[in-house]
Novice: 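Pasting a structure below so you can have a look.
Here is the naming used below: chain letters follow the sequence lines, and residue numbers restart at 1 for every chain.
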2 protein chains.
Amino acid sequence: MPRSETSLFPPFGVTVDLVVLTVREHALSALTIRRGEPPFQGAWALPGGFVREGEGLEAAAARELAEETGLDRLPVHLEQLATFGDPGRDPRMRVVSVAYLVLAPDLPAPRPGGDAAGARWSSVGELLGDGGRLAFDHARILEDGVERARSKIEYSSLAAAFCPEEFTVGELRRVYESVWGVALDPRNFHRKVTGTPDFLVPTGGTTTRQGGRPAQLFRRGSAEKLNPPMLRPEA
Amino acid sequence: MPRSETSLFPPFGVTVDLVVLTVREHALSALTIRRGEPPFQGAWALPGGFVREGEGLEAAAARELAEETGLDRLPVHLEQLATFGDPGRDPRMRVVSVAYLVLAPDLPAPRPGGDAAGARWSSVGELLGDGGRLAFDHARILEDGVERARSKIEYSSLAAAFCPEEFTVGELRRVYESVWGVALDPRNFHRKVTGTPDFLVPTGGTTTRQGGRPAQLFRRGSAEKLNPPMLRPEA
DNA sequence: CCAAAAGTGTTCAATGTACACCCATGA
DNA sequence: TCATGGGTGTACATTGAACACTTTTGG
């Protein structure tokens, strides 16, 4: 809430950074781009960019997402994550970055857009492990995004955002197992999700794409909260 | 994550706004200040102000809090809430505001500091009801802060941040009842909080300040998460 | 004595957990 | 036929909900 002060307000650059998560090959993965320019030239970073004049924060995040993935109407979840503004987090100038969290189904290979020299999915384990060297404070931002996703699928129906439009109970369970890194009992999981009203809507179809007995296909239901929550084993 | 672009980045003002909550007279209340200058001169608003050059966001929030309350070392909880940056949210210029949530015990009467013309506590019911007319988009920010507080005391030990250093189980229960606006069973509540390991640490003392049989005094324990969570009646 | 708040015990229902078991497909 | 994943039934332990009851103060 600004109030006029004797000195002029200091000007800041404002950017949005995106933590775009998906589940690929049984691993929680994040979208990264290779920086084409200094600082951190050649390093991997989260996608993002400056907020434009007259542009809202969420609109800026959606625009950057479309630019980086090359897709326009994505079936994704987008929410604000947190804001990072330590002095010195960008060596060039004072920049405040509003981070957004995006949960997406396994997407086609990313098409680098804008001024990025490359784009790829990497498992968050690699990105945050010893080998990972993300530019700026992006490791910290990614950590926060992963933690948010891990805790939020406990008590919301958000895990379905990682699944394609139609999915099976087993596929949804593998999302939980990948994000949490644990094994869940398939039978109790099935009862839990099918027993929660308005969580899953059967489409009538079935599939055998996972092998074994044909599984029913579902769409996301209208329920947004999962009550009682899915319990995460201690791991 | 900034990248150089052909056009210069647009400069933004960056502020912090504070949602300072406490429980007074059985009502969840927020700290507001009366604006001494336009725009919204004379209107009530959340405390806040510009982030200074070279100052971190959380540091700016802590500074503003100290300035507005006149107290320095407060036994409070402070966490980032969300960031609001719609174009036009401030009529003078483009401003992005990082909101912080503060939970405090019932404090001495606020001392207006800085350029505020007054400061007071008001129940959030009044502030957000028909009569409430907060400046800027502060009603929206306050709503988000209240919702965060309401949901967070479910699964964390944060409710104790509303209590003085030493408190009774009954006082803690009244915090939950005030924040949620429901009645809880005193007996089951007692069992729940005293049965959660490291949530409450008995100090050995007792008090009769609430009348009736003397109650044990406790301090906050080291546990930060409440598992299983406190269940909020549907209300 | 009575009112008020603290604290304990007990019972019942709901829910999670573990696991035996059957089903329907592809190879 | 067998392996694989889908799906149901059931017994047991844990937890929350409701509430009767005792304890210890102040007025």
Novice: So if I take every side-chain heavy atom of A/P214 and compare against C/dA18, C/dA24, D/dA18, which nucleotide ends up nearest?
Specialist: C/dA24
Novice: Whole Å only: how far is the CG atom of B/L172 from the P atom of C/dA6?
Specialist: 11 Å
Novice: Any donor-acceptor pair under 3.5 Å linking the side chain of B/E147 with the backbone of B/D144?
Specialist: no
Novice: Charged N to carboxylate O below 4.0 Å: is that the case for B/D17 and B/R140?
Specialist: no
Novice: Identify, between B/R187 and B/P228, the residue whose nearest nucleotide on DNA chain D lies closer to the 5' end.
Specialist: B/P228
Novice: What is the distance, to the nearest angstrom, from the CZ atom on B/R232 to the C1' atom on D/dA17?
Specialist: 19 Å
Novice: Using whole Å, report how far CZ of B/F189 lies from C1' of D/dA18.
Specialist: 17 Å
Novice: Figure out the CD/C1' separation between A/Q210 and D/dG6, and round it to whole Å.
Specialist: 11 Å
Novice: Confirm from the modelled atom types if B/R213 and C/dA6 form a donor-acceptor pair under 3.5 Å, side chain to base only.
Specialist: yes
Novice: On DNA chain D, check which nucleotide each of A/G211 and A/R191 is closest to and give me the residue with the more 5' one.
Specialist: A/G211
Novice: Rounded off to whole Å, could you give me the CD-to-C1' distance for the B/E171 and C/dA6 pair?
Specialist: 12 Å
Novice: Calculate the interatomic distance between B/R209 atom CZ and C/dA4 atom C1'; express it in whole Å.
Specialist: 17 Å
Novice: Rounded to whole Å, please give me the gap between NE2 in B/H190 and C1' in D/dT22.
Specialist: 14 Å
Novice: With a 4.0 Å cut-off on heavy atoms, is B/R173 in touch with a base, just the backbone sugar-phosphate, or nothing at all?
Specialist: sugar-phosphate
Novice: A/G212 or A/K192: which one's nearest nucleotide on DNA chain C is closer to the 5' end?
Specialist: A/K192
Novice: Salt-bridge test for A/E165 and A/R220: reply yes if a basic N is under 4.0 Å from a carboxylate O, no otherwise.
Specialist: no
Novice: For A/N188 and C/dT17, give me the distance from atom CG to atom C1', rounded to whole Å.
Specialist: 6 Å
Novice: Are the aromatic rings of B/Y176 and B/F189 close, with centres under 6.0 Å apart?
Specialist: yes
Novice: Please check if the side chain of A/T22 supplies one atom and the backbone of A/D106 the other of a donor-acceptor pair under 3.5 Å.
Specialist: yes
